[in-house]
Enquirer: 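A single structure is presented below for examination.
Basis for what follows: all heavy atoms, side chains included, without hydrogens, waters or symmetry-related copies. Protein chains get the first letters and strands the later ones, always in sequence-line order, with residue 1 at the start of each.
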2 protein chains.
Amino acid sequence: MRQEFGSVLRSTGLQVTAQRLAVMRAVSNTPHITAEAVTEAVREELGTISRQSVYDALGILVDKGIIRRIQPAGSPARYEDRVGDNHHHLICRSCERLVDIDCAVGEMPCLHPADDHGFSLDEAEVIYWGTCPDCTAVPAT
Amino acid sequence: MRQEFGSVLRSTGLQVTAQRLAVMRAVSNTPHITAEAVTEAVREELGTISRQSVYDALGILVDKGIIRRIQPAGSPARYEDRVGDNHHHLICRSCERLVDIDCAVGEMPCLHPADDHGFSLDEAEVIYWGTCPDCTAVPAT
DNA sequence: GTCCAGAATTGGACATAGTCCATTTCGGTC
DNA sequence: GACCGAAATGGACTATGTCCAATTCTGGAC
């Protein structure tokens with residue numbers, strides 16, 4: 001996780017900047033991190049960064065496929081650097097905990113609808129909703 | 001689609017109000033309607049309704065399982081009255097068009113992850129992302 | 001080492017989607 | 001027709017982003 005980040009950026013034709021490296025580190029260190037948490041983490045590392053730069057960096061990284069954006073209902077967008085393995089997510093309705101779930105198929109799209117209405121599909125996003133063990137134990141907090 | 005709406009409300013212990021009936025009608029008439037469009041439709045019917053009442057009515061109807069809320073990434077929440085058949089959705093990345101897809105299984109949850117991390121699952125939400133025929137024909141607009 | 005062009009960053013205003021709360025009104029019952 | 005609790009209202013507020021113009025930085029050429 002050293003200067004690999006730099007080469008990744010360069011290999012996609014992006015400039016290597018301290019802000020982008022810090023954003024990549026934040027996403028890499030904290031799975032399912034939110035934009036706000038990224039901002040905090042980068043500020044800790046660099047002292048300052050504008051909200052704009054964070055969104056911009058995250059947006060570009062997502063565009064380039066370096067990180068993945070997840071936008072579950074009722075929660076701000078989250079980012080993760082586990083890309084390419086097409087895994088899915090499991091979310092607790094009660095505490096919003098988000099857990100990775102491996103995809104049994106492993107390639108995209110891993111599911112095919114009976115009728116695709118002429119669309120050309122590139123991804124099947126699966127979110128499992130349920131209640132996590134902790135929240136099951138303590139139903140109403 | 002007559003006074004059925006009224007009985008549905010009563011059967012869940014809710015009061016029957018003009019606002020709620022109008023909201024239900026709006027959702028029923030326009031598949032995948034947004035909160036904003038519901039507000040417009042209800043205003044056309046009743047003359048006036050507060051944004052609050054729309055959100056409140058939609059929220060209660062979702063709570064009671066009378067309608068279903070869909071919150072795809074990058075789009076405001078949408079509502080539909082097709083509940084109970086556990087169908088999925090297909091969205092065009094380019095024009096945001098949203099289409100229903102029947103679930104091959106039909107019962108919830110229709111998918112089971114290899115490892116559920118101790119969660120008790122109640123739903124597997126599937127969103128297929130792709131490009132619709134129109135947008136494929138006209139790539140960049 | 002200096003300079004340049006384009007890329008990246010910044011900050012401020014703005015947009016969108018939705019929530020909170022105190023008050024008023026309404027639906028259903030007696 | 002009066003009453004009570006549920007529902008609706010309106011206004012302020014919050015969270016999460018986006019847009020834009022101006023500035024700064026990066027990497028390469030000289």
Enquirer: Within this structure, what is the CD-to-C1' distance between A:Gln15 and C:dA7, rounded to whole angstrom?
Expert: 5 Å

Enquirer: Could you state the CD1-C1' distance from B:Ile60 to D:dG5, rounded to the nearest angstrom?
Expert: 13 Å

Enquirer: From CG of B:Leu9 over to P of C:dG28, roughly how many Å is that when rounded to an integer?
Expert: 10 Å

Enquirer: Between D:dT9, D:dG27, D:dT16, which nucleotide has the shortest distance from any of its atoms to the side chain of A:Arg10?
Expert: D:dG27

Enquirer: May I have the step-by-step check of side-chain hydrogen bond (donor to acceptor under 3.5 Å, both in side chains) for B:Asp100 and B:His87, ending in yes or no?
Expert: CA-CA 7 Å; B:Asp100 283 337; B:His87 66 281; 3.2 Å; yes

Enquirer: Using a cut-off of strictly less than 4.0 Å, decide whether A:Arg20 has a side-chain nitrogen or oxygen near OP1 or OP2 of C:dT9.
Expert: yes

Enquirer: Quick one: which of C:dG28, D:dT9, D:dG17 gets closest to the side chain of A:Ala77?
Expert: D:dG17

Enquirer: Between atom CZ in B:Arg69 and atom P in C:dT19, what is the gap in whole Å?
Expert: 7 Å

Enquirer: Over how many whole Å does the gap from A:Tyr55 atom OH to C:dA13 atom C1' extend?
Expert: 16 Å

Enquirer: Nearest whole Å is fine: how far is C:dC26 P from B:Asp56 CG?
Expert: 16 Å

Enquirer: Taking the side chain of B:Glu36 as its heavy atoms from C-beta onward, which of D:dA8, C:dA17, C:dT9 lies nearest to it?
Expert: C:dA17

Enquirer: Nearest to the side chain of B:Val16 - D:dT9, C:dG28, C:dT10?
Expert: C:dG28

Enquirer: At under 4.0 Å, does any side-chain N or O of B:Thr17 touch on OP1 or OP2 of D:dA8?
Expert: yes

Enquirer: At less than 3.5 Å, do the side-chain atoms of A:Arg51 and the base atoms of C:dG11 form a donor-acceptor pair?
Expert: no

Enquirer: Can you find a heavy atom in the side chain of B:Arg82 that is under 4.5 Å from one in the side chain of B:His32?
Expert: no

Enquirer: How long is the line joining CD of B:Gln19 and P of D:dA8, in whole Å?
Expert: 5 Å

Enquirer: Do B:Gln52 side-chain and C:dC20 base share a donor-acceptor contact under 3.5 Å?
Expert: yes

Enquirer: What is the separation between atom OH on A:Tyr79 and atom C1' on D:dT16, rounded to the nearest whole Å?
Expert: 10 Å

Enquirer: So do the side chains of A:Asp122 and B:Arg93 get within less than 4.5 Å of each other, counting heavy atoms only?
Expert: yes

Enquirer: Is the shortest heavy-atom distance from the side chain of B:Leu61 to the side chain of B:Met24 under 4.5 Å?
Expert: yes

Enquirer: For D:dA8, does either OP1 or OP2 sit under 4.0 Å from a side-chain N or O belonging to B:Ser53?
Expert: no

Enquirer: Please examine the side chains of A:Pro72 and A:His89, heavy atoms only from C-beta on, and report whether any two atoms are closer than 4.5 Å.
Expert: no

